[in-house]
Amino acid sequence: MDQISLNHEASAGDTHKQLVTSLPPEVVQCLENARFLHLATCTDNQPHVSLMNYTYIPSSQYSSAPVIVMTTNPSSKKTNNLVENPNVSLLVHDWVSHRPPTQGRRMSGGSGSPGPEHRSSLASLLLNLNTSAISSISATINGTASLVAPGSAEEAYYRGQHLENNTFDSEGGGGGGGGGAAVAGMSNGGGSRGGLVQAARGDGGRECFVAGEEVRVILVHIKDIRTSDWKGSVKDWVLVPEGGVAGVNGSR
């Protein structure tokens, strides 16, 4: 097999950044297909990553630019982090994450992953989907996060969109792209315990982690995007307002 060369120049610097007024189609596709994203926050040089349900909104009466909506417990670590430091990074991809079969790798149960003769048709389908990749990219999105004012019409709008997009059911199914269904705790970016687990069983966590009165709505405004594919190719984009790309490096 030919060696796949990594695009070191684009990966190490930002000389290939493009100024755009809208998200590239491949990034939109990735956001619409994926079910979860990883939210990275940081304070005092201590990074923190949370697995989150999300909703991608291209535009609305509250923002002409695309935004990403999430919800959070007001006392969570990520909430405290983004209040202190609103700069966040998101990782999103819609690759099927099934690990290919191996012969030598030992699992915790003492055996390697099953060979083709032992895999179910569903497992084979998932593996084939992973091989072909629903989307050929992953996207790292940098932006600024803020908590929407509680009780405001804006909060009600974004919470409603997030609820509609994340249609949980008791079997863990349902839900479309840009959020989808999830294990209850994931919609709050963390584990659930005690009464929350019991309360979440009937509705998949909607009341606990999205519609609860104390739950806060996070809004992320996108600043720039980096995409990469399995070959190591990297592309960078900077999102600017309409009319902001008449020139390069500040010239117009």
Side-chain angles (χ1 to χ4, degrees), residues 17-42 50 52-74 76 78-94 137 139-167 175-180 187-189 206 209-227 235-246 252:
K17 280 187 176 179
Q18 303 177 53
L19 301 182
V20 294
T21 57
S22 60
L23 295 183
E26 57 264 46
V27 175
V28 173
Q29 178 185 352
C30 192
L31 284 167
E32 291 179 342
N33 285 347
R35 296 177 61 188
F36 310 115
L37 60 73
H38 290 85
L39 166 67
T41 59
C42 185
S50 303
M52 305 289 288
N53 286 110
Y54 71 95
T55 297
Y56 162 66
I57 300 180
S59 64
S60 71
Q61 64 267 43
Y62 297 102
S63 175
S64 59
V67 296
I68 294 173
V69 179
M70 294 167 281
T71 52
T72 181
N73 184 317
S76 68
K78 60 182 170 293
T79 303
N80 294 333
N81 283 358
L82 67 86
V83 168
E84 184 173 341
N85 177 10
N87 296 308
V88 299
S89 188
L90 315 174
L91 174 64
V92 59
H93 69 84
D94 60 1
I137 67 166
T140 299
I141 299 171
N142 296 315
T144 54
S146 60
L147 298 174
V148 182
S152 64
E154 182 180 12
E155 184 193 53
Y157 169 78
Y158 285 124
R159 190 190 303 273
Q161 293 294 308
H162 194 44
L163 275 168
E164 182 179 346
N165 186 59
N166 290 278
T167 52
S187 63
N188 196 32
R206 286 162 60 94
F209 303 116
V210 180
E213 290 185 2
E214 295 184 356
V215 172
R216 298 298 302 273
V217 175
I218 301 174
L219 203 63
V220 176
H221 290 273
I222 299 170
K223 295 195 299 184
D224 57 74
I225 311 102
R226 164 168 289 191
T227 63
K235 295 181 180 178
D236 292 285
W237 290 274
V238 177
L239 193 62
V240 297
E242 288 284 349
V245 292
R252 290 186 175 275

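No hydrogens, no waters, no symmetry mates; every other heavy atom, side chains included, goes into these values.
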Is the backbone of Gly151 close enough, under 3.5 Å, to the side chain of Glu155 for a donor and an acceptor to pair up by distance?
-> yes
Check: Tyr62 main-chain N/O paired with Ser60 side-chain donor or acceptor under 3.5 Å | yes
Any side-chain heavy atom of Gln161 within less than 4.5 Å of one from Val69?
-> no
Nearest-0.5 Å distance, CG of residue Leu19 to CG of residue Asp236 = 11.5 Å
Could you check if a side-chain atom of Tyr158 sits within less than 4.5 angstrom of a side-chain atom of Ile57, using non-hydrogen atoms only?
-> yes
Which heavy-atom pair separates Val92 from Ala34 by the least distance, and what is that distance?
-> CG2-CB, 3.5 Å
Please tell me if the side chains of Val88 and Met70 come closer than 4.5 Å, counting only heavy atoms from C-beta onward.
-> no
Where do Asn165 and Asn53 land on the side-chain contact (heavy atoms from CB on, under 4.5 Å) test, with the steps shown first?
-> CA-CA 10 Å; Asn165 186 59; Asn53 286 110; over 6 Å; no
Distance col, row Met52:CE vs Lys78:NZ, nearest 0.5 angstrom, shows 4.5 Å
Here the pair of heavy atoms bringing Thr21 nearest to Pro241 is CG2-O, 3.7 Å
Using a 3.5 Å cut-off and no angle test, enumerate the donor-acceptor pairs between side-chain atoms of residues 217-225 and protein atoms at least two apart in sequence or in another chain.
residue, atom, partner, partner atom, Å
Asp224, OD1, Asn142, ND2, 2.8

Leu23 side chain reached by Leu239 side chain, heavy atoms, under 4.5 Å = yes
For residues Ser59 and Tyr157, report the shortest heavy-atom separation together with the two atoms involved.
-> O-OH, 4.5 Å
Heavy-atom distance under 4.5 Å between the side chains of Ile141 and Leu37, does that happen here?
-> no
Just by distance, do the side chain of Arg159 and the backbone of Thr71 share a donor-acceptor pair under 3.5 Å?
-> no
Ignoring hydrogens and geometry, is there a side-chain-to-backbone donor-acceptor pair from Asn166 to His162 under 3.5 Å?
-> yes
CD (Gln61) and CD (Glu154) are apart, to the nearest 0.5 Å, by 9.0 Å
Thr79 side chain vs Asn73 backbone, donor-acceptor pair below 3.5 Å = yes
Answer yes or no: is there a side-chain heavy-atom contact under 4.5 Å between Trp237 and Thr227?
-> yes
Asn80: what forms a side-chain hydrogen bond (donor to acceptor under 3.5 Å, both in side chains) with it, not counting sequence neighbours?
-> none
